[in-house]
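Working notes for the structure below.
Just so you know, residue 1 is the first one in the sequence shown, and it goes up from there.
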Amino acid sequence: MPGRRDWSSALDLIHEATAAIRISEERSSELEAELQRTVVQALERAKFLEAQIAVAENRAMLAEQRASDAEEWLARLHDAVVTGFGRKAPSAGRDDDGAQAAP
């Protein structure tokens with residue numbers, strides 16, 4: 001019969017299409033869950049790295065303070081050495097021991 005339709009083939013195509021849609025939705029759900037896990041991991045990693053940066057900044061600040069203190073003490077030590085051990089220029093007519101130089 002020329003006007004008769006093949007409903008069986010149409011139903012098979014509908015079943016195949018719905019199966020493909022279902023598989024696609026399942027895969028989409030899996031990808032969304034994986035994306036969510038990745039986002040959570042990235043946020044945790046970012047927090048961890050921010051904490052490490054804060055620790056490093058604190059350590060750098062303390063190191064700078066120690067370096068500044070060391071420079072200050074080094075300047076004091078230099079001044080003390082120059083003041084305490086510096087030799088005065090011999091006066092005219094005296095040798096290095098302070099004795100009268102021979103004429």
Legend entry - Spatial distance of atom OG1 (Thr18) from atom CD (Glu25) [nearest 0.5 Å]: 10.5 Å

Legend entry - From Ile14 atom CD1 to Ser9 atom OG, the distance as rounded to the nearest 0.5 Å: 11.0 Å

Legend entry - Check ion pair Glu30-Arg27 (N to O, under 4.0 angstrom): yes

Legend entry - Euclidean distance, Arg22 CZ relative to His15 NE2, rounded to 0.5 Å: 11.0 Å

Inset, instruction - Determine yes or no for a side-chain-to-main-chain donor-acceptor pair under 3.5 angstrom, with Thr83 supplying the side chain and Ala80 the backbone. - result: no

Legend entry - Distance (rounded to the nearest 0.5 Å) between Leu49 CG and Lys47 NZ: 12.5 Å

Legend entry - Hphob cluster co-occupancy, Leu13 + Trp7, side-chain heavy atoms under 4.5 angstrom: no

Legend entry - Nearest-0.5 Å distance, CG of residue Leu43 to OG1 of residue Thr38: 11.0 Å

Inset, instruction - For atom CZ of Arg59, decide whether the heavy atoms of other residues, nucleotides or ligands shown that lie under 6.0 angstrom number more than 12. - result: no

